[in-house]
Amino acid sequence: GNGVTRYVNCTNGGAVHVDVKDGKILRIIPIEFDDEDAASWTIEARGKKFTPPRKTSLSSYSHAMKSIIYSKDRLLYPMKRVDFDHNGERNPENRGVSGYERISWDEALDIVANEIMRMKEVHGQGAILSSNGSHHMWGNLGYWLSAFKRFLNLIGHTPTIQNPDSWEGWYWGASNHWGYSMRLGGGECYGLVEEQLKECEMIVFWSSDPESTCGVYAGMEGTIRRLWAKELGMKFVHIDPYYNHTAALLGGKWLAPRPATGNSLSLAIAYVWITEDLYDKEYVATRTTGFDEWKDYILGKKDGIPKTPEWQEGEAGIPAKDVRALAREWASHKTYLSAGGAGNNVGGACRDSTGIEWARSMVCLMAMQGLGKPGVNMGNLQAGTPIDRTFCFPGYAEGGMSGSYLDTGLAMRMLNRMPQIPTLNPSFQKVPRLQLPEAILEGKAETWGNNNAPFSIESQFQKFDYPAPGHSPVRMYYKYGGSFIGTQSETNRYVKAYRTDKLEFVVNQSIWFEGEAQFADIILPACTNFERWDIGESANCGGYVQDSFGQLNHRVITLQHKCIEPLGESKSDYDIFQELANRLGIGPVFSEGNTAFEWCKRLYDATDLPGKISWKKLMKKGYYVVPAPPEELRSKPSYRAFAEDRVKDTPELGPLPGDYNGKFGKGLQTQSGKIEFVCSSLKRFDPNDPERPVMTKYIPSWEGHHTAELYEKYPLQLISPHPRYSFHTHNDGKDSFTIDIKNHRVLLDGYYYWIVRINPEDAKQRNIKEKDLVKVFNDRGAVICAAQVTERVSRGTSHSYESCSVYDPIGEPGNSPDRGGCINLLSSKRPIIKKSHSTSAMSCLVQIERWEGK
Amino acid sequence: MIIDIEKCEDCNNCFMACKDEHVDNDFPPYSAAQPLHDHRWMNIMRRERGSGSLMDVAYRPTPCMHCDDAPCIRAAENGAVYKREDGIVIIDPVKSTGQKNIQKACPYNAVYWNEERDIPQKCNFCAHLLDGGWEEPRCVQACPTGALSIVKADDAQIQKMVKEENLEALHPEYNTFPRVFYRNLYRYNRAFIAGSVAYGADSGEECAKNAVVSLVKNGRAVYECKTDFFGDFKFDGLKENGQTYEVHILLATFPEKILTVDLKTSINLGAVTL
Ligand SMILES: Nc1nc2c(c(=O)[nH]1)N[C@H]1C(S)=C(S)[C@@H](COP(=O)(O)OP(=O)(O)OC[C@H]3O[C@@H](n4cnc5c(=O)[nH]c(N)nc54)[C@H](O)[C@@H]3O)O[C@H]1N2
Ligand SMILES: Nc1nc2c(c(=O)[nH]1)N[C@H]1C(S)=C(S)[C@@H](COP(=O)(O)OP(=O)(O)OC[C@H]3O[C@@H](n4cnc5c(=O)[nH]c(N)nc54)[C@H](O)[C@@H]3O)O[C@H]1N2
Ligand code: SF4
Ligand code: SF4
Ligand code: SF4
Ligand SMILES: [Ca+2]
Ligand SMILES: [Ca+2]
Ligand SMILES: [Mo+4]
């Protein structure tokens with residue numbers, strides 16, 4: 001009514017209703033379900049009944065979307081760098097400083113299309129480099145794994161290969177103990193919400209702050225369930241160098257280990273369990289291998305160092321008595337371990353300089369307590385709700401319209417359900433993301449791992465080098481979005497790589513003028529998902545996070561309405577690719593004769609939706625709630641069948657049939673089919689690698705309190721977890737509502753500064769007060785931040801979020817302090833271990849001092 | 001409105017939803033658009049207590065209190081601020097033009113100045129939505145924990161709730177009779193005494209579980225509790241800058257331990273070894 005039309009869309013933090021008036025968005029709100037929508041589930045636990053609220057829940061940044069859609073930083077017109085002439089002087093060294101002028105779409109698209117053809121003619125195979133961030137405006141059609149992938153395959157390119165940044169320690173470490181390579185080493189989590197509410201007595205949150213990271217994409221869906229756990233009287237322990245928001249909400253004991261001390265605390269807990277006979281001997285004997293060898297290591301039989309709680313004090317710094325108390329309580333109560341924000345994967349600790357050993361030890365501890373037995377499991381009520389997993393609707397990683405069955409999840413189910421022209425990239429050259437600057441500047445890179453095709457544990461052992469034999473070095477860069485200065489490591493490198501003639505041409509296709517966009521020669525303005533058609537399910541990523549919608553209280557599938565017209569002259573990414581494809585003569589192969597809207601209909605037809613809701617109805621209503629199954633059809637708890645040595649009874653896709661040892665469905669992916677304390681895969685690959693021993697051992701950080709010289713110069717251990725009020729770079733900056741959040745940025749002298757958190761004693765020593773401007777620095781760079789003086793970090797630890805979207809150097813780009821807040825200027829490019837392609841960005845050593853400069 | 005401090009986790013959904021509703025949107029005759037930045041109609045205040053392993057942090061979302069005896073109404077000329085039947089206090093976006101006194105009069109600092117429009121503005125309880133059939137304002141809809149809720153009740157019912165559920169007004173001493181009440185406000189404005197009890201043993205130091213700890217004031221035990229498995233105890237809800245207390249700790253055959261605390265602000269006594 002009132003001239004207001006209500007549309008539906010979806011965000012990285014939940015599905016939304018969008019009220020539009022006179023062609024302008026009025027408000028963006030959660031979807032409140034009506035009587036027509038499927039009923040909600042109820043869990044009965046300990047005499048109580050729990051039913052979730054009948055609405056979607058949103059993250060803060062989803063409530064703030066309007067401000068980034070109408071941001072003053074939107075790119076509204078195609079632009080050309082003023083001193084870039086594709087027919088003459090290109091002045092690449094001026095990237096980042098020389099400014100832009102508006103040009104027409106025709107001119108911009110002609111230049112880009114001609115450069116694509118010129119690259120192939122002049123340099124040959126592999127000369128066109130592409131890269132993108134991992135995350136995207138929501139929707140299976142518009143995702144980079146869909147339209148962008150199809151376009152790139154059709155032109156032939158050298159992709160930037162992502163390291164498994166969310167999982168690092170799980171992929172390079174834990175997977176060797178328990179498999180799950182197709183989840184990049186993270187565990188499965190079916191049926192666990194009900195199991196946990198019924199059985200669990202205590203949750204140990206370890207590097208885990210689900211109230212900030214919300215699993216991934218899940219709005220605030222898990223919050224209510226954790227409050228139920230509190231209501232049921234569960235005890236909580238939080239192991240985190242930062243007194244995080246989950247600890248603040250739920251209460252319980254906070255233990256603050258020194259960052260990046262890997263598994264020292266885990267080993268000490270194992271020590272107590274072993275010496276006090278507090279572990280599940282029967283389980284260890286029948287469901288695991290190699291325990292005795294690890295036990296000898298824990299007891300110090302070979303190296304003479306028993307891994308006692310007192311020994312741990314010198315590393316992680318937790319009082320020994322507290323370690324003993326925790327170990328005893330854990331062993332004598334049904335305890336869930338919540339390792340990482342999602343419960344059994346991710347976690348800041350997996351992404352620091354000792355992250356591999358941390359993740360490995362999480363699996364080993366659970367193996368000692370009988371993973372899968374009633375009340376003994378991994379999770380934090382974030383994943384594994386009793387919703388329907390049989391209803392087929394793909395996640396974004398299942399490739400949309402990409403046709404790319406080799407490097408998306410297309411083959412999983414959509415290839416059969418939605419036949420489309422397959423697309424293949426003719427080039428087999430690839431650049432490792434973390435060495436992208438070296439690939440450009442030095443012309444070479446060397447790395448390990450094939451996490452884009454993680455079909456086996458052994459996929460992590462594949463080596464790949466750049467350049468590929470017979471391929472051209474990269475000469476043109478097709479950059480989609482521009483997050484890397486905020487999200488990769490030692491990122492002054494990425495800035496420098498732009499400012500040389502090694503790259504002859506840089507095109508950036510972005511929605512906002514931020515981050516790396518300022519380093520392009522040509523800028524193509526894309527629009528948000530509120531300005532185009534798409535289709536997608538809330539929190540459904542697919543791929544490495546199979547059935548990730550299991551974090552939600554209700555499965556909500558949305559037809560993402562085009563709510564408003566694209567702002568200015570911006571266009572949907574799809575339309576930009578279409579126009580370029582037309583210029584290159586591949587227009588019809590790209591579109592298959594469809595408009596974006598028609599692709600949405602094809603995607604709809606390929607799912608289980610048509611049997612449930614007509615296209616017309618979906619168009620009108622905008623969303624469909626998948627009914628929860630009857631109680632008897634709910635998923636069984638993960639690992640229960642493994643614990644009882646039965647054939648798997650969860651809908652887990654991996655391992656591949658060919659990767660079982662015995663009969664299909666029985667046991668894990670490891671060679672023994674059991675949890676391996678001593679990893680057969682590592683024995684086969686490199687049994688003597690000191691950086692990654694065949695069983696998990698304590699390896700001091702190469703940038704920590706033992707690296708004396710560096711530590712003296714830079715005595716603060718900085719951690720940089722995921723920003724609570726922004727989905728990575730997506731919602732930061734841009735003059736959005738989010739920058740007004742007191743705990744996100746601080747307004748000082750008219751500028752919104754990023755925050756660094758420092759302990760009161762450390763602050764006092766440096767004469768730093770709340771809201772002082774400070775310089776956070778090490779040999780790699782400097783960032784100007786606003787100080788927050790807080791007890792939430794202990795002495796020697798400081799904290800700042802990663803993923804700033806603003807790069808604002810006060811002098812020469814790449815060589816001067818940044819006041820935008822790109823904390824990753826300070827993190828190390830060094831991988832956790834050499835034989836990997838991994839980031840250690842979570843932890844680094846810094847110094848902080850008052851900033852008096854201008 | 002009832003605000004439960006224990007359930008607020010600073011997610012800022014309320015603050016963002018409020019901005020989404022009001023920035024750039026005029027809702028005559030209820031309200032004029034809020035500026036993009038600077039206003040905090042829902043202002044979330046932070047308070048850390050204690051230190052180290054025994055700290056906590058509380059957040060106090062603070063909108064306009066919709067006072068029954070509102071100084072802003074008295075300060076306004078030509079009826080620019082008025083109270084509705086349902087208790088909501090509204091600043092008229094036209095009549096209030098130029099009236100700085102309205103902002104100055106508010107003891108809760110809940111009123112913000114809009115330079116561009118030259119008017120005072122604040123939380124208006126999303127009155128335009130409630131009148132349009134919404135069940136609850138934007139911030140309440142957005143809150144994931146139930147920290148924010150609204151009740152529609154008459155004065156007598158409200159007084160009954162206040163008593164039975166231990167609700168408190170913020171700064172009752174201002175005598176403005178707020179219509180916004182807080183639950184568990186002690187988390188924000190009271191102090192605690194906490195500590196961790198330990199004892200020496202062959203294995204090294206051990207956490208003292210189930211020690212009996214009493215809080216003694218003027219020679220009388222006012223609270224008593226048992227330590228948990230970490231040996232931790234905590235007495236909460238105490239008045240800041242108040243009393244001197246004694247903490248008596250008893251466990252098995254260990255001699256009783258007595259600590260004296262001159263309580264100013266929340267304190268973690270740290271490890272207390274018997
Ligand atoms: N220090 C530190 N660093 C870290 C981490 C950490 O814990 N600590 N975590 C790491 C992890 S786990 C991750 S996942 C990465 C994330 O790092 P990235 O994946 O680099 O971050 P995103 O912000 O997701 O990047 C997405 C980019 O795509 C653009 N984009 C989004 N949607 C669209 C669209 O529709 N069209 C176009 N054209 N562009 C679009 C956005 O504007 C943005 O530039 O950060 C990693 N970095
Ligand atoms: N709001 C929001 N939510 C997100 C994202 C986002 O950007 N914003 N990103 C999404 C993505 S891509 C991912 S991968 C996940 C990431 O989810 P997580 O990896 O779980 O999140 P992090 O914030 O990196 O780290 C979690 C906690 O680990 C702690 N930590 C850091 N170092 C150590 C250590 O050495 N030891 C211990 N014990 N703890 C440590 C941090 O203080 C933090 O509280 O979150 C997802 N959810
Ligand atoms: S939405 Fe609720 S929990 Fe979140 S900050 Fe506001 S009151 Fe607190
Ligand atoms: S809190 Fe301030 S603005 Fe609100 S009613 Fe009371 S006096 Fe008026
Ligand atoms: S009631 Fe409405 S105006 Fe008041 S704080 Fe909440 S959202 Fe803002
Ligand atoms: Ca060729
Ligand atoms: Ca195998
Ligand atoms: Mo990630």
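Not measured: the values here are computed from a predicted model. Chain naming here is simple, since letters A, B, ... match the order of the sequence lines and numbering starts at 1 in each.
Contact of R187(B) with chain A is made through the side chain alone, with heavy-atom distances under 4.5 Å. Both the backbone and the side chain of E206(B) come within contact range of chain A, each with at least one heavy atom under 4.5 Å from a heavy atom of that chain. For M45(B), the parts lying near chain A are the backbone and the side chain together; criterion is any non-hydrogen pair under 4.5 Å. Within the 4.5 angstrom heavy-atom criterion, only side-chain atoms of F15(B), from C-beta onward, approach chain A. Of the atoms belonging to F27(B), it is side-chain heavy atoms, and not backbone ones, that fall under 4.5 Å from chain A.
Scanning all heavy atoms of the two residues, the minimum distance from F230(B) to V237(A) falls at CE1-CG2, 4.0 Å.
Looking at residues two or more places apart in sequence or on another chain, you find a ring-ring contact (aromatic ring centres under 6.0 Å, His included) between F33(A) and H554(A). With sequence neighbours left out, K264(B) forms a salt bridge (Lys or Arg N to Asp or Glu O under 4.0 Å) with D262(B).
Residues of residues 19-26 of chain B having a heavy atom under 4.5 Å from any heavy atom of chain A, listed by number: K19(B), D20(B), E21(B), V23(B), D24(B), N25(B). Scanning residues 51-60 of chain B against chain A with a 4.5 Å heavy-atom cutoff picks out S51(B), G52(B), S53(B), M55(B), D56(B), V57(B), Y59(B), ordered by number.
Between the side chains of Y61(A) and N12(B), no donor-acceptor pair is found at a separation under 3.5 Å.
Contact count against chain A (heavy-atom pairs under 4.5 Å) is highest for D10(B) among L36(B), T145(B), D10(B).
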